[in-house]
Amino acid sequence: MVLARVAFLIGAILGWFGLALLVPAVVAMFDANRTEFIAFVVSAAVSTGIGLLLRWMGESPPDLRRPDALAVVAFTYVAIALVGALPYVLVGLSPIDALFESMSGLTTTGGTALSDFALYGRGVHFWRALSHWLGGIGVITLFVAVLPKLAIGGRELFFAEASGPTDDALTPQIRKTAAALWRVYFAITAVAVVALLVAGLSPYDAIVHAFATVAAGGFSPHPQSVMGYHLPAVEWTLTFFMFLAGANFALHYRALFTGSTKIFRDEELVAYAGIVALASATVTGLLVTKGGHSVADALRLATFQVVSVVTSTGFATADFATWDDRSRLLLLGLMFMGGCAGSAAGGLKIVRVLLISRYALQELRRTLHPRAMLPVKLSGRVVPEPVMRSVLVFFLFYLLAFVVCAAIVTAAEGDIAIGVTGAIASLANAGPGFGAIGPMGSYAGLTAVSKGVLIMAMWLGRLELMTAFVFLGPRVWHDVRWRSRPPAGVS
């Protein structure tokens, strides 16, 4: 691994990331909020300055090896989260809360460390939503699309950040693939803004909620989330766009730009739609029979919350932490599973659940017929053994990370509900849990230890664990050096 190359590319991203920090500065300027304006301008200058310094110290890569690409992806999120935390610190948040809020935004987790939303202006809330939107389809994917320097190692970077076991390359050139995905992402966001305006939100609220919805993030400027607006049309509109955000963006591209109807034969998409429909019907029935809601209200509340949880968005139209145990258990299972590979959603991913289930059934059949050739298939194609092996290994690491995080947070808080749901909500990038960290609560009251563990869990979840875990092994460090060649003039 050549550290100078890693530093150069992270510096290139940080330099341009400074421009993103100027957007909420403009919002603060229009609101005449001097404190927030200065906070974002200073943060933009710091991001750009650090980026330029890293580029000056680093080395422009002629190519990019796999370890270098993994390091760029893993540590870019750390670097951007640290820079993104700076404006929160400058407006009054503690450093640990600021880093929690920043990491939660960039990883589209949506769990908040803010305890009083009224203390912060529209600039801060806009930054929360914008950080979602930048992280939704992937910070690296964005910069692969727009920065020529990253196109050098674009394929390695792109698939190191990719969500789930997918090999979707929409065009022969990976930079064009990244650009195509961002066109789809931008188009869906624009349509969502218009739809939310029609549904009754103000332009500011429409943009903020569109950013958070299409990114499957969940930050809302209202302390009661979507419930605080009391607009059923908005809730149904958000439900639709959350569902889109939880599906593979490569399928959206094919449907929009190629007119392909094969997407409806994609087994993961079919399973995703079926799970949402079945879970919504189940929760609707429970809300009618146990919660006393009318069928219409129960259907709206249940469908919204099921889609919000399975896509790891984290919006709420009700305090589902107070629902009956069966509904909460179902939502917890959906949170653990997550949406589709290649989407903005977090979690284990439905494709992995399908593959693990089919592999388990094949093993049962192999017990009766030990010599039979029983390959695992998905959408009519045989799943290669290396892919199946990587899915199983990922599942084991996912369980391990969940158990460790849950144990530490439970010990720190003395509350198993917070420990278990906080760990899975952070690892799955889903946002709210149960109890004090429920949809109407906040992570602000947790100990610094718990917040630190959950920040790590959010980072691991966004990187799908393996990109981060690889740096725990000694092999990746045995050939670490600063430069790939001696500086000029040195023999």
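Since we're looking at a predicted model, the values are computed, not measured.
Residue pairs satisfying the salt bridge (charged side-chain N to carboxylate O under 4.0 Å, His left out) criterion with at least one member in residues 413-434, sequence neighbours excluded, are absent. For residues 11-22, there are no salt bridge (charged side-chain N to carboxylate O under 4.0 Å, His left out) pairs, not counting sequence neighbours. Note on residues 92-119: pairs passing salt bridge (charged side-chain N to carboxylate O under 4.0 Å, His left out), not counting sequence neighbours, are D97-K451, E101-R128.
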Show the numbers, then the answer: is there a side chain to side chain contact (heavy atoms under 4.5 Å, CB included) between L90 and L86?
CA-CA 6 Å; L90 295 177; L86 185 56; 4.1 Å; yes
Could you walk me through whether F40 and V23 pass the side chain to side chain contact (heavy atoms under 4.5 Å, CB included) check?
CA-CA 8 Å; F40 285 109; V23 180; over 6 Å; no
Y229 and H209: ring pair (Phe, Tyr, Trp, His ring centres under 6.0 Å), yes or no, with the steps?
CA-CA 12 Å; Y229 293 91; H209 283 89; 5.1 Å; yes
Apply side chain to side chain contact (heavy atoms under 4.5 Å, CB included) to residues F241 and V191 and explain how you reach the verdict.
CA-CA 9 Å; F241 284 101; V191 175; 3.8 Å; yes
Before you tell me yes or no, could you show the steps for F30 and V26 under side chain to side chain contact (heavy atoms under 4.5 Å, CB included), namely the whole-Å CA-CA distance, both residues' side-chain angles and the distance that decides it to 0.1 Å?
CA-CA 6 Å; F30 275 107; V26 174; 3.5 Å; yes
Report the C-alpha separation of F117 and H222 in whole Å, then their side-chain angles, then the decisive distance to 0.1 Å, and conclude whether the ring pair (Phe, Tyr, Trp, His ring centres under 6.0 Å) test is met.
CA-CA 7 Å; F117 281 34; H222 199 291; 8.3 Å; no
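Within the model, atoms OG of S312 and CE of M337 stand 11.5 Å from one another, a figure rounded to the nearest 0.5 Å. The distance from the CG atom of L114 to the CG atom of L93 is 5.5 Å, given to the nearest 0.5 Å. Atom CZ of R254 sits about 6.5 Å away from atom CG of L251, to the nearest 0.5 Å. Atom CG of residue L330 and atom CD1 of residue I275 lie 10.5 Å apart, to the nearest 0.5 angstrom. Rounded to the nearest 0.5 angstrom, L301 CG and S327 OG are separated by 11.0 Å. Rounded to the nearest 0.5 Å, atoms CE (M335) and CG (L427) are 11.5 Å apart.
Put simply, the side chain of N248 gets close to the backbone of A341: a donor and an acceptor are under 3.5 Å apart. Judged by distance alone, with hydrogens and angles left aside, the side-chain atoms of T322 form a donor-acceptor pair with the main-chain N or O of D319 at under 3.5 Å. At least one donor-acceptor pair under 3.5 Å links the side chain of S47 to the backbone N or O of L14. In terms of modelled atom types and a separation under 3.5 Å, the side chain of R352 and the main chain of L348 share a donor-acceptor contact. Side chain of S308 to main chain of G314: a donor-acceptor pair is present (N/O by atom type, distance under 3.5 Å, no hydrogens or angles). Q305 places a side-chain N or O within donor-acceptor distance of the main-chain N or O of F315, the cut-off being under 3.5 Å. Between the N429 side chain and the R462 main chain, a donor and an acceptor come within less than 3.5 Å of each other. The backbone N or O of A316 lies less than 3.5 Å from a partner atom in the side chain of S225, making a donor-acceptor pair. S280 places a side-chain N or O within 3.5 Å of a backbone atom of V276 that can act as its donor or acceptor partner. Using modelled atom types, no side-chain atom of T76 and backbone atom of I10 make a donor-acceptor pair closer than 3.5 Å.
Minimum heavy-atom separation, T447 to A412: OG1-CB, 3.8 Å. For the residue pair L454 and G422, the shortest heavy atom distance occurs at CD2-O, 3.5 Å. Residues E235 and F304 come closest through the heavy atom pair O-CD1, 3.3 Å. Nearest heavy-atom pair across F243 and V307 is N-CG1, 3.6 Å. Across L99 and A81, no two heavy atoms sit closer than the pair CD1-O, 3.9 Å. Here the shortest heavy-atom pairing between Y185 and G136 reads OH-CA, 3.4 Å.
If you look at Y398 and F394, their ring centroids are closer than 6.0 Å. Between H125 and Y204, a ring centre-to-centre spacing not shorter than 6.0 Å is recorded.
Between L196 and L238 there is a side-chain heavy-atom pair separated by less than 4.5 Å. In this structure, L244 and H252 have side chains that are in contact, with non-hydrogen atoms separated by less than 4.5 Å. Side chains of T421 and I437 form a contact here, defined as non-hydrogen atoms less than 4.5 Å apart. Using a 4.5 Å heavy-atom threshold, the side chains of C340 and V351 count as separate. Side-chain contact between F320 and F434: present, with at least one pair of heavy atoms (C-beta onward) separated by less than 4.5 Å. In this structure the side chain of T108 never reaches within 4.5 angstrom of the side chain of F219, judged on heavy atoms. Between T311 and V309, the closest side-chain pair of non-hydrogen atoms is not below 4.5 Å. Counting heavy atoms from C-beta on, the side chains of M29 and F37 come closer than 4.5 Å.
Each of L70, V72, L54 was evaluated against V6; a single residue qualifies, V72, per the side-chain contact (heavy atoms from CB on, under 4.5 Å) test.
Around the CE atom of M456, the shell of radius 6.0 Å holds no more than 12 heavy atoms that belong to other residues, nucleotides or ligands. Around the CD1 atom of I416, the shell of radius 6.0 Å holds no more than 12 heavy atoms that belong to other residues, nucleotides or ligands.
By the 30° and 60° cut-offs, the orientation of the rings of F471 relative to F75 is tilted.
Counted by atom type alone, D205 and S202 present one or more donor-acceptor pairs between their side chains at under 3.5 Å.
H230 pairs by the side chain to side chain contact (heavy atoms under 4.5 Å, CB included) definition with nothing, not counting sequence neighbours. Residues passing the ring pair (Phe, Tyr, Trp, His ring centres under 6.0 Å) test with F211 are F126, W133, sequence neighbours excluded. Residues forming a side chain to side chain donor-acceptor pair (under 3.5 Å) with S104 (at least two apart in sequence, or on another chain): none.
Ion pairing between E36 and R122 fails under the 4.0 Å rule for side-chain N and carboxylate O.
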